Student: 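A single structure is presented below for examination.
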Amino acid sequence: MGLREIADKSRSAGRFVALLACALLAYALSLPGSARAAEQADRVQPPAAAQSGAGQPVRAVDFKMAGDAAKMRIVVDFDREPNPRWFLLRGPHRLVIDTPDSVMALDPKDMKASGLVKSVRYGKVGASASRLVLATKGPFQIDKFDILKNDDGAGYRIAVDISAASEREFDSALADQATTTGSTVSPDKSGRVGKGPMVPDHRFTVVIDPGHGGVDGGAEGLHGTVEKDVTLAFAKELRDKLIAVGNYNVFMTRDTDEYLRLDDRVRIARQHEADLFISIHADTISVKGIRGATVYTVSDKASDAEAKALADRENLSDQFAGMEIKDDNQEVTDILIDLIRRETHSFSMSFAHTLVGQLSTTVGLINNPHRSAGFRVLKAPDVPSVLVELGYLSNAGDEAQLIDPDWRAKAAQSITNAVALFASAKTARTVTGG
Ligand code: ZN
């Protein structure tokens, strides 16, 4: 099981180190026998010099993870200061943390898969090192890797922040690792924050997110129209129109009737390095007589009571997965991420503005058609994101339009036009370096 897999990995990754260790050990140490030499050679690295614990291994005593499919924090508590090394592996994507001269006394209950992390394993590597292996749902990046002293003075902790990233970003971190360290030891952590180098031929990438799906049907119309079907049909129309332009990469978070958690939708956007994320919805509203389209951006404080109520309803989607709803306030205080987020937000606002302008020429809009609230699905820190409510299924007129192919084609064309304006403005910014 887990231990064997870990041992296999250590064998191939540690082959080079093993040879080196053999030579060093034979030379420097007068070892009593070959059995012990072989045992030593299996180590990931030679034991560190004795620490203050007078020859006792460092003990990992607690393991915690928090977050979601887009971003996770992993914390491992130790009784004394650990000396970990970390590295990445692919197939599947993994983060490996090796701690020499340590033992792990962790509760398997704390190590259940959650969010971005799909499995956690640990075991011994060689005679005295411990290895922790976290496999993820997809490519990720290390935002932070810290060794911190606990405030209460009792022990230390390793705190790692990881977030969903693209294959390219993961590969670039892997390549860094290989060139700087020969693949078994991590390079300087400070160089790892943020994105890798921009690819020159990166095409403007749009991720379309048809709201709801599977067990989560979303809203229901007066005449039985189900939101998840309307959003998917519309998203396909929009996808085809965007692809026809020929300048964009276009992806959908789902193209079948399947259930997806909100943070998985965000993860997919990051995985594709989206330049724009458009979530499509068609909800109901209890206020009589209200109809027309609305464009939403994310904000901590809702623009109005209806926007807040809508965001609360949309955020409930995660309950279909039986997961608890948690606030992500503890998230990111990192200044760099905060700056990225602010820039992203201004792009989201700018696209929303353009989109409202385009939609107003073809479809009906509600009053104050650009609104904001705390939509979880719009929270990728580095992807400009909007949520479009195409209309209200609670309104007979809107419901009829939403299932009318001609109306859908018209509305999708308006969004396509807005994407074109936004994309060309972005290209101009990139070219002028502004
Ligand atoms: Zn919805």
Side-chain angles (χ1 to χ4, degrees), residues 68 207-239 252-269 277-287 290-299 302-321 323 325 348 352 355-356 359 363-366 369-380 385-403 407-408 411-412 415:
D68 56 29
V207 170
I208 307 168
D209 174 46
H212 312 277
V215 290
D216 171 18
E220 236 178 87
L222 295 172
H223 300 100
T225 310
V226 180
E227 183 181 2
K228 67 173 181 177
D229 299 331
V230 171
T231 60
L232 184 58
F234 187 88
K236 286 178 173 170
E237 173 95 38
L238 178 59
R239 174 194 60 191
M252 312 245 285
T253 53
R254 67 176 180 99
D255 55 11
T256 57
D257 181 18
E258 67 171 319
Y259 174 75
L260 269 183
R261 281 166 39 153
L262 298 173
D263 51 324
D264 270 319
R265 298 169 192 260
V266 175
R267 183 178 66 78
I268 291 166
F277 176 84
I278 305 173
S279 192
I280 304 290
H281 288 260
D283 280 84
T284 55
I285 190 163
S286 53
V287 186
I290 289 207
R291 61 176 301 189
T294 320
V295 177
Y296 291 92
T297 47
V298 73
S299 68
S303 57
D304 56 287
E306 281 91 35
K308 180 174 187 325
L310 178 73
D312 289 346
R313 270 203 314 282
E314 296 294 4
N315 292 345
L316 284 179
S317 173
D318 278 347
Q319 282 190 339
F320 287 91
M323 67 177 281
I325 302 293
S348 303
L355 185 52
V356 164
L359 284 172
V363 306
L365 297 170
I366 69 168
H370 177 187
R371 301 186 180 210
S372 63
F375 295 92
R376 286 170 61 89
V377 77
L378 302 182
K379 285 191 173 174
S385 304
V386 302
L387 185 146
V388 183
E389 285 287 346
L390 294 168
Y392 290 105
L393 287 172
S394 47
N395 179 282
D398 274 6
E399 183 180 13
Q401 284 183 341
L402 286 163
I403 55 175
W407 183 90
R408 287 209 291 242
I415 298 178

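For ligands, and for the atoms within them, numbers begin at 1 and follow the listed sequence. Just so we're clear, the structure is a prediction, and the values are computed from it rather than from any experiment. Side chains are part of it too, since the values below use all heavy atoms of this structure and drop only hydrogens, waters and symmetry mates.
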Student: Are Asp263 and Arg267 close enough for a salt bridge, meaning some N to O gap below 4.0 Å?
Tutor: no
Student: Which of the N/O/S atoms in His281 sits closest to the Zn ion (ligand 1)?
Tutor: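 This residue's closest N, O or S atom turns out to be ND1.
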Student: Could you tell me the angle subtended at the Zn ion (ligand 1) by NE2 of His212 and OE2 of Glu314, rounded to 10°?
Tutor: 130°
Student: Just give me the atom name: the N, O or S atom of Glu227 closest to the Zn ion (ligand 1).
Tutor: OE2
Student: Can you tell me how the ring of His281 sits relative to the ring of His212, calling it parallel under 30°, perpendicular over 60° and tilted otherwise?
Tutor: perpendicular
Student: Of all N/O/S atoms in Asp283, which lies nearest to the Zn ion (ligand 1)?
Tutor: OD1
Student: For Phe375, which residues count as a ring pair (Phe, Tyr, Trp, His ring centres under 6.0 Å) partner, sequence neighbours excluded?
Tutor: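 Testing Phe375 for ring pair (Phe, Tyr, Trp, His ring centres under 6.0 Å), a comparison that skips the adjacent residues, returns Tyr296.
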Student: Listed by chain and number, what are the side-chain contact (heavy atoms from CB on, under 4.5 Å) partners of Ser348, not counting sequence neighbours?
Tutor: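 Here the qualifying residues are Thr297, Thr344, Pro384.
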